Amino acid sequence: MEQTMTILRKYMGEAIGWVGAFFSLAAFSLNSMGFTHGQSVEYLGMNILGCLFMIFYAVSKKAHASSVLNTIFLLVAVIALVRATFL
């Protein structure tokens, strides 16, 4: 049972990392192709989700540089979302 849980945790962590990468890449692609813009809620929301998932993955892998970088990207996206929404 313990081995099964270890394997499940490993694959869940990998899946979360891939979902984060998908959201980040999708946001970049949609913006680059003109389907959204850099201040839209959709773009910023996808970046926020992508960063959150990538931070979780990086922390689980003890990849400190990646977790710091994605935390900075997350903060920038949250600030941009607040500015786009409330200002």
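Quantities reported herein were computed from a predicted structural model and do not represent experimental measurements.
One distance of note links CG of Leu49 with CE of Met54; it measures 13.0 Å at 0.5 Å rounding. Distance CZ/Phe56 to CE/Met12: 8.0 Å, rounded to 0.5 Å. Residue Trp18 holds its CH2 atom at 10.0 Å from CG of Leu25, rounded to the nearest 0.5 Å.
The side-chain hydrogen bond (donor to acceptor under 3.5 Å, both in side chains) check on Thr36 picks up Ser40, with sequence neighbours excluded.
Nearest heavy atom pair, residue Cys51 against residue Ser24, reads N-OG, 4.3 Å. A pairwise comparison of heavy atoms in Gly38 and Asn31 identifies N-OD1, 3.4 Å as the closest pair. Looking at every heavy atom in both residues, Ala77 comes nearest to Ile48 through CB-CG1, 3.7 Å. The two atoms that bring Phe53 and Phe23 nearest to each other are CE1-CE1, 4.1 Å, heavy atoms only. Taking both residues in full, the closest heavy atoms of Leu44 and Ala84 are given as CD1-CB, 4.5 Å, listed atom of the first, atom of the second, then distance.
Taking the side chain as every heavy atom from C-beta outward, Leu30 and Met46 approach each other to under 4.5 Å. The shortest distance between side-chain heavy atoms of Lys10 and Thr6 does not fall below 4.5 Å. Between Leu74 and Asn70 there is no side-chain heavy-atom pair separated by less than 4.5 Å.
No single ILVMFWY cluster, assembled from side-chain heavy atoms under 4.5 Å apart, contains both Ile16 and Val59. Grouping the Ile, Leu, Val, Met, Phe, Trp and Tyr side chains by contacts below 4.5 angstrom, directly or via other members, places Val76 apart from Leu52. Using a 4.5 Å cut-off between side-chain heavy atoms of Ile, Leu, Val, Met, Phe, Trp and Tyr, with links allowed through other members, Phe28 and Leu69 fall into different hydrophobic clusters.
The list of salt bridge (Lys or Arg N to Asp or Glu O under 4.0 Å) pairs with a residue in residues 36-59, not counting sequence neighbours, is empty. Screening residues 50-63 for salt bridge (Lys or Arg N to Asp or Glu O under 4.0 Å), with sequence neighbours left out, gives Glu14-Lys61.
The backbone N or O of His64 sits less than 3.5 Å from a side-chain atom of Ser67, completing a donor-acceptor pair.
Shown are Leu81, Thr85, Ile79; of these, the side-chain contact (heavy atoms from CB on, under 4.5 Å) with Arg83 is made only by Ile79.
Counting non-hydrogen atoms of neighbouring residues, nucleotides and ligands closer than 6.0 angstrom, the CE atom of Met5 reaches no more than 12 such neighbours.
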